[in-house]
Amino acid sequence: MNIALLIAGGAGTRMKQDIPKQFLTVNEKPVIVYTLEAFQKHVEIDVIAVVCLEGWEHVLEAYARQFNITKLQHIFPGGDCGQASIRNGIYALEKEYEKDDIILIHDANRPMVSADIILDCIVKTKQFGNAIPVIPCAEAMLETEDGMVSTGSYPREKLKRTQTPHGFKLGDICQLHREAEKAGITNSVASCTLMIELGKQVHFSMGSEKNIKITTVDDVDIFKALLLAKRSEWLK
Ligand SMILES: C[C@](O)(CO)[C@H](O)COP(=O)(O)O
C-alpha cells in the first residue's frame with residue numbers, strides 16, 4: 001500500500017495573503033487541488049490523506065467532491081509547526097495501516113510534482129528504506145550571520161536542494177518522530193533534516209526545478225508560467 005500524506009497545515013504567513021497559499025486559486029483551481037490531482041491520477045498511489053489547517057477542512061472536503069478526488073480518505077488536524085503536523089498525520093495513519101506500507105509526505109503547496117518524481121520516490125523508498133527528491137545547487141552559496149553581509153562561502157557541489165515527496169516506511173517514520181520527542185527536537189524544518197539531526201542517512205531520488213514550492217507571490221507567477229508551458233505541450 002502506498003499512501004500520500006499532504007501537509008496543508010501552514011497558515012502561509014510568508015505569502016502575506018489572507019488565504020493560505022495551499023488554498024490560493026491559480027487559473028481557476030486551488031493550488032491544493034493540482035497537488036491532490038497529481039496523486040489521484042498516479043497508478044501507484046492507493047490512498048491520500050491530508051493534514052489540514054484548522055477551519056479549512058470543509059473547504060477541502062468540498063474541493064475533493066468537486067474535483068473527484070476519490071482517493072482522499074483521511075483529513076487530520078494540523079499542528080503548530082511542520083514537524084507537529086507531520087507527527088499528527090503519521091501517528092493517525094499508524095492506527096489504520098501496516099508498518100511496511102510506504103508513505104509519501106508531500107507539501108500541499110508543491111502542485112507541479114510529476115508522475116516520474118512520485119514513482120522514483122516509491123522505487124527508491126522500497127530499495128533503500130527512504131527517499132528524498134533533490135536537485136543540484138546552480139548558484140554560488142554564501143553564508144551569513146545577519147542576512148546583510150557574507151561570513152563565508154560553501155562549495156555548491158557538496159549541497160543538494162531538497163523537495164518533496166519524502167518517502168518512508170510508515171513504521172520507520174513513526175519511530176523517528178518518537179525518537180525526536182525523546183530527544184526534545186520539536187521544530188525540525190523537514191523529515192529529512194530530522195533524520196540527519198538524529199544521526200541517520202537519507203537517500204536521494206529524482207527531483208526537478210519544476211517541482212516548485214509555492215511560498216512567495218513570485219512563486220505564483222512561476223507556477224502560472226509552468227502551467228502554460230504544460231498546456232502548450234498537451235496541445236502539440
Ligand atoms: C519539506 C521541504 O519542502 C523540503 O524542501 C521544505 O523543508 C518545507 O519547508 P516549509 O517551511 O514547510 O515550507
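Just follow the structure's listing: the first ligand is 1, and inside any ligand the first atom is 1. Keep in mind that this is a model prediction, so the values were computed, not measured. By convention here, the first residue in the shown sequence is residue 1. Scope of the values below: all heavy atoms of this structure, side chains included, with no hydrogens, waters or symmetry mates.
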Peer 1: Is the closest heavy-atom distance from Arg161 to ligand 1 below 4.0 Å?
Peer 2: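 Under 4.0 Å: no for Arg161.
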Peer 1: Using a strict cut-off of less than 4.0 Å between a Lys/Arg side-chain nitrogen and an Asp/Glu carboxylate oxygen, indicate whether Glu94 and Arg178 qualify as a salt bridge.
Peer 2: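 Salt bridge: yes.
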Peer 1: Please state which part of Lys213 comes within less than 4.0 Å of ligand 1, counting heavy atoms only: side chain, backbone, both or neither.
Peer 2: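 Lys213 to ligand 1: side-chain contact only, backbone stays beyond 4.0 Å.
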Peer 1: Can a cation-pi geometry be assigned to Lys29 and Tyr34, taking NZ or CZ under 6.0 Å from the six-membered ring centre and within 45° of the ring axis?
Peer 2: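 Cation-pi check for Lys29 and Tyr34: passes.
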Peer 1: If you measure every N/O of Thr162 against every N/O of ligand 1, is any gap under 3.5 Å?
Peer 2: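 Yes, Thr162 has an N/O under 3.5 Å of an N/O on ligand 1.
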Peer 1: Can you sort out which atoms of ligand 1 are near Ala190, meaning under 4.0 Å from one of its heavy atoms?
Peer 2: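 That gives atoms 1 (C), 7 (O) of ligand 1.
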Peer 1: Might you work through the side-chain contact (heavy atoms from CB on, under 4.5 Å) test for Lys224 and Val26, ending with a clear yes or no?
Peer 2: CA-CA 7 Å; Lys224 282 182 183 165; Val26 178; 3.6 Å; yes
Peer 1: Which of the atoms of ligand 1 are close to Val189, meaning less than 4.0 Å from one of its heavy atoms?
Peer 2: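 It comes down to these atoms of ligand 1: 7 (O).
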Peer 1: Enumerate the atoms of ligand 1 whose separation from the nearest heavy atom of Thr164 is less than 4.0 angstrom.
Peer 2: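 Selected atoms, number and element: 1 (C), 3 (O).
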Peer 1: Can you tell me how the ring of Tyr97 sits relative to the ring of His74, calling it parallel under 30°, perpendicular over 60° and tilted otherwise?
Peer 2: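 Plane angle over 60°, so perpendicular.
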Peer 1: Within a 6.0 Å radius of atom CD on Glu98, are there more than 12 heavy atoms belonging to other residues, nucleotides or ligands?
Peer 2: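 No, CD of Glu98 has 12 or fewer neighbouring heavy atoms, counting only those of other groups under 6.0 Å.
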Peer 1: Can you tell me if Lys169 has over 12 outside heavy atoms packed within less than 6.0 Å of its NZ?
Peer 2: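 Enclosed: over 12 neighbouring heavy atoms sit under 6.0 Å from NZ of Lys169.
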Peer 1: Please say whether His166 places an N or O atom under 3.5 Å from an N or O atom belonging to ligand 1.
Peer 2: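 It does not: no N or O of His166 is found under 3.5 Å from an N or O of ligand 1.
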